[in-house]
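Residue numbers begin at 1 in each chain, while the letters A, B, ... track the order of the sequences. No hydrogens, no waters, no symmetry mates; every other heavy atom, side chains included, goes into these values.
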Amino acid sequence: MSVTEYDVVIIGAGVAGLTAGALLAERGFKVALVTQGEPTACLSTGCIDVCSRGSSPLSGIHDLPPEHPYHLVSEKIIRDALNYFQAAMTDMGIPYAGGAEENRFILSALGTLKTSCLVPSTMKEAPQDTKDSVHIITFKGLKDFYPGYIISRRRNTKSSVYDAGVYSTMSIASHFEEKEFFEKFIIWLEKLNIDEDKLAFPAVLGLESASEIVDTVSILIGKPVFEIPTIPPSMPGRRLFNGLKGYFHKKGGTLYWAWPVAGIEKTGKVIEAVTTPSEGRPNSINAKAFILSTGSFVGGGLTATRESIIENVFHLPVHISGPRETWFDSDYFSLNHGIGRAGIIADSTLRPAGSSWENIFVCGGILADTEILKNGCGHGLALATAHAAALSCAEYLSR
Amino acid sequence: MKYEHCIRCTICVENCPVFRVNPEFPGPKQSGPDAQRFRSDRERAEDGWVLLCSQCKRCEMACPCGVEPAQIILNEQQRYGKEHPQTPAHLLFANNYYLSALGSLTAPIANMIASSKMGKKAFRAMGISTYIPFPKFHFRTMRREKKILNRKTRKVAFFYGCFINFYRPDIGRKIVRLLSALNVDVVLPPQWCCGLPALGNGNIALAKHFAQKNASSLSNYIDAGYDIVYTCTSCGLCLMHDYPGILKIPQGKKIAESSYDVHEYIIKLINEGYAKPVFGEVPRKIAYHIPCHLRALEIGYPAAKLMAAIPGLECEILDDACCGLSGSYGFKKENELTAIQMGNRAVSLIKKTKAENIVADCGSCRMQLSGLSGMTALDPAEILCEALDIKDQK
Ligand code: SF4
Ligand code: SF4
């Protein structure tokens with residue numbers, strides 16, 4: 001007998017899992033979310049790429065190959081999913097700019113323009129072409145950001161270095177939330193008398209209140225200000241995770257940390273519980289339905305062996321491109337590695353196709369044929385399929 | 001301790017509250033998996049900075065690869081503790097049980113000393129910080145409460161822990177009454193410090209000594225059909241994780257199998273249809289600070305689940321900040337600034353919620369947060385008692 005009974009257990013705390021969790025919890029279902037650790041979303045730029053293949057995400061999705069999981073979801077659900085996300089994040093104090101109609105650019109740490117769709121408000125002023133002149137402020141000793149890359153690619157770009165007295169992304173971000181530090185910094189910044197059109201920072205302007213900090217700097221200096229995402233530790237990725245996690249809690253969901261699923265309990269076509277290793281009594285959680293949102297390889301949803309690819313929780317059948325020779329292209333930087341198509345094929349109810357389980361729903365990066373790198377569709381697909389899976393799951397639970 | 005599994009994603013570093021504010025500490029990735037590759041049992045332990053880790057376990061909860069940096073650091077803390085002379089503060093806090101027991105017997109005098117100027121000076125001289133009032137010793141301890149016995153089926157042995165015993169026995173009594181109101185027989189088994197403070201101060205031998213005494217006592221109760229219930233999340237973590245783990249206590253597994261967080265236990269009673277509490281209204285907004293060690297227990301946030309059933313109560317969950325005190329960690333002078341900075345961040349998040357009270361399961365979290373914020377900090381059990389109209393008895 002387990003200590004806790006839930007309607008749904010969600011496995012994986014990424015963008016898909018937290019979103020599906022919030023949606024189900026707000027419909028009044030009892031939701032638990034179990035996770036081994038923090039998701040790859042924390043390592044991301046925090047931007048929501050919906051489909052980066054063209055100037056419009058929706059027409060880009062339209063042009064995706066027929067097997068792409070986006071086609072399991074209606075355009076209405078995609079729009080709803082993006083609106084829901086924006087409303088949720090605004091509620092959590094982390095507003096996002098952009099919309100389903102149009103893609104936009106952010107400036108990458110290498111000086112390229114990267115296509116995305118919904119971007120944190122701290123990046124909304126990023127130049128959309130090569131014209132704006134930009135002044136980059138960086139920080140002494142910050143090891144993860146080199147403005148030289150950007151300067152070598154963009155004309156009219158300059159940089160200055162501020163000595164924050166601390167040298168890691170986390171510590172600089174914390175300091176920006178302290179009044180004294182901030183005031184001293186602004187005095188220094190005003191003295192620079194910046195001529196350029198826009199002011200850029202590596203994304204270290206605070207953790208909890210980044211959007212206010214960016215707005216304040218912009219008002220005080222009288223110029224548009226934007227952040228440039230850095231390699232991990234990535235503050236915008238962490239803000240995204242914290243925001244979605246907070247929203248999930250707010251809706252009444254329960255989070256179980258350090259809870260890698262190691263086993264399942266089942267009868268017939270129904271999964272009854274998931275279990276995790278424990279020093280003490282068996283640690284299991286019962287539920288009527290399960291949502292699998294463990295991501296692909298880096299997220300921990302899939303493991304590749306020499307011959308095959310395994311889905312780690314339910315051992316669902318994994319779709320692969322073919323024998324191992326087809327997994328990798330000879331060009332490392334190619335976007336056509338077959339392994340990018342590995343994952344779980346879902347039917348229109350987001351249940352795993354080719355398995356007999358009635359009460360498992362799948363969403364996010366673990367789906368097959370996503371080719372996320374090639375299509376630029378990571379978080380957008382997670383949001384859309386999370387909505388579809390949550391709807392399907394809610395329908396199953398209220399039969 | 002799978003340090004080879006580290007993919008160097010830095011997620012643990014982002015979660016380390018000490019790293020955030022103290023540049024002296026290289027963070028869980030470097031102190032844990034990175035440095036571990038260069039450590040050998042045949043060489044002296046030289047990384048003194050491992051002592052700056054407060055053992056909050058946040059790194060471990062966050063790591064997506066199951067690396068357990070805190071466990072790697074804890075082991076190194078023991079090795080370092082064995083090979084290097086201990087500071088008076090470390091010795092004192094490792095032995096906090098004896099200190100508190102003494103304080104409890106001589107409560108009026110001990111309080112006077114602890115709060116006097118001279119006492120504070122003496123504390124500082126020993127390397128103990130005095131920025132928040134040192135807890136008040138209480139005269140009547142739980143051990144002197146008489147057993148509450150009647151003939152109902154569920155029986156629990158309550159592991160109340162040092163904090164409740166020496167500083168807040170009133171909360172301990174409330175928990176006993178709360179369980180009794182749910183038709184549970186509660187006994188107070190003979191018990192000692194769980195051992196965590198000794199472990200945190202690098203004194204594994206003393207930790208084992210305490211753990212073994214507790215294990216023998218609790219084990220008798222388990223054999224007699226009792227479940228063990230704890231309230232302090234750090235005691236709980238030690239019973240559940242360290243007894244069968246690093247301390248290698250023979251009865252460890254048995255104890256971990258039969259021990260429950262008090263709120264987890266109440267939910268179990270409700271789920272099994274044994275108890276059907278009807279909560280009255282508590283019209284208030286609270287900020288529920290999740291103690292780091294509650295997260296580490298891997299049981300979700302059971303008190304939040306119960307409080308969600310209380311009409312009128314608005315509960316905002318805050319699980320992103322460590323209070324900074326970490327038991328005795330923040331009481332050490334060398335950690336004082338770190339602890340205050342961590343605590344202030346937690347307080348600023350709490351203040352943002354505009355809640356009336358702070359709620360936290362852990363006594364030292366409550367002490368730190370109410371000390372730094374001036375707000376009242378309550379145990380979730382106090383909120384439940386309020387909702388069930390269970391009054392204090394003198
Ligand atoms: S210990 Fe875990 S969280 Fe930390 S860097 Fe390694 S893999 Fe990442
Ligand atoms: S246990 Fe806490 S203080 Fe120690 S390294 Fe991990 S996160 Fe940092």
Side-chain angles (χ1 to χ4, degrees), chain A residues 1-5 13 30 32-40 42-43 93 144 165-171 173-175 177-178 207-209 231-235 237-238 241-242 245-246 249-250 252 254-260 276-283 285-286 295 298-300, chain B residues 7-16 19-23 27 57-58 60-68 239-241 243-245 252-260 264-265 267-268 271-272 295-302 304-305 308 316-320 341 344-345 348-349 352:
Chain A
M1 178 85 201
S2 99
V3 176
T4 35
E5 298 260 350
K30 282 200 277 170
L33 194 154
V34 301
T35 177
Q36 154 113 35
E38 292 189 343
T40 49
C42 293
L43 309 174
D144 303 324
V166 284
Y167 311 103
S168 73
T169 309
M170 281 312 279
S171 335
S174 308
H175 273 71
E177 273 159 358
E178 286 162 20
L207 181 50
E208 275 88 27
S209 39
I231 60 164
S234 163
M235 290 303 103
R238 176 144 301 279
F241 171 63
N242 283 354
K245 174 163 68 75
H249 277 147
K250 193 167 173 182
T254 302
L255 192 59
Y256 289 72
W257 292 97
W259 223 95
T276 196
S278 135
E279 279 100 350
R281 62 184 168 276
N283 203 347
I285 305 181
N286 286 52
V298 184
Chain B
I7 57 165
R8 312 213 144 53
C9 66
T10 69
I11 280 182
C12 55
V13 183
E14 291 177 43
N15 275 276
C16 176
F19 178 77
R20 201 179 230 250
V21 297
N22 185 353
K57 318 267 191 209
R58 298 188 84 87
E60 231 156 87
M61 297 304 102
C63 173
C65 301
V67 171
E68 306 191 339
L239 293 179
M240 303 291 288
H241 187 77
Y243 280 26
K253 191 165 161 50
K254 178 166 152 194
I255 287 171
E257 271 165 4
S258 309
S259 303
Y260 298 82
E264 181 192 19
Y265 195 72
I267 291 176
K268 175 179 148 82
N271 280 345
E272 292 171 6
R295 290 166 36 123
L297 277 163
E298 302 169 18
I299 55 171
Y301 306 155
K305 263 182 109 182
E316 188 159 338
I317 294 178
L318 298 167
D319 67 350
D320 282 330
Q341 282 178 319
N344 282 338
R345 174 166 174 267
S348 81
L349 296 178
K352 258 195 190 169

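A 4.5 Å side-chain heavy-atom check between A/S168 and B/F19 finds at least one atom pair inside the cut-off. Put simply, the side chain of A/V34 does not reach to within 4.5 Å of the side chain of B/E298, judged on heavy atoms. Looking at heavy atoms from C-beta onward, B/N15 lies in side-chain contact with A/R238 at the 4.5 angstrom threshold. Counting heavy atoms from C-beta outward, A/W257 and B/D319 have side chains that approach closer than 4.5 Å. In this structure the side chain of B/E14 never reaches within 4.5 angstrom of the side chain of A/T169, judged on heavy atoms. Between A/L255 and B/R295 there is no side-chain heavy-atom pair separated by less than 4.5 Å.
Of the two parts of B/A308, neither the backbone nor the side chain holds a non-hydrogen atom closer than 4.5 Å to a non-hydrogen atom of chain A. Heavy atoms closer than 4.5 Å to chain A are found in the side chain of B/L349, but not in its backbone. Interface residue A/L207: only side-chain heavy atoms are found under 4.5 Å from chain B. For B/R345, the part sitting under 4.5 Å from any heavy atom of chain A is the side chain, from C-beta outward, and nothing else. The contact between B/C65 and chain A is made entirely by backbone atoms, counting heavy-atom distances below 4.5 Å. At a 4.5 Å heavy-atom cutoff, A/T40 makes no contact with chain B through either its backbone or its side chain. The part of B/K352 that comes within reach of chain A is its side chain, from C-beta onward, which places non-hydrogen atoms under 4.5 angstrom from that chain. Both the backbone and the side chain of B/C9 come within contact range of chain A, judged by heavy atoms closer than 4.5 Å. Using a 4.5 Å cut-off between heavy atoms, A/P260 makes no contact with chain B at all. Proximity to chain B (any heavy atom under 4.5 Å) is shown, for A/S171, by both the backbone and the side chain.
The backbone N or O of B/S259 sits less than 3.5 Å from a side-chain atom of A/R281, completing a donor-acceptor pair.
Across every non-hydrogen atom of A/M170 and B/V13, the tightest pair is CG-O, 4.3 Å. Closest approach of B/P64 to A/E38, counting heavy atoms only: CB-O, 3.6 Å.
Between the CD1 atom of B/I11 and the CZ atom of A/F241 there is a distance of 8.5 Å, given to the nearest 0.5 Å. Between the CD1 atom of B/I299 and the CD1 atom of A/I285 there is a distance of 11.0 Å, given to the nearest 0.5 Å. For the atom pair CD of B/Q341 and OG of A/S174, the computed distance is 9.0 Å after rounding to the nearest 0.5 Å. Note: A/E177 CD to B/N344 CG = 13.0 Å, rounded to the nearest 0.5 Å.
Listed by chain and residue number, nothing satisfies the ring-ring contact (aromatic ring centres under 6.0 Å, His included) test with B/H241 (two or more places apart in sequence, or in another chain).
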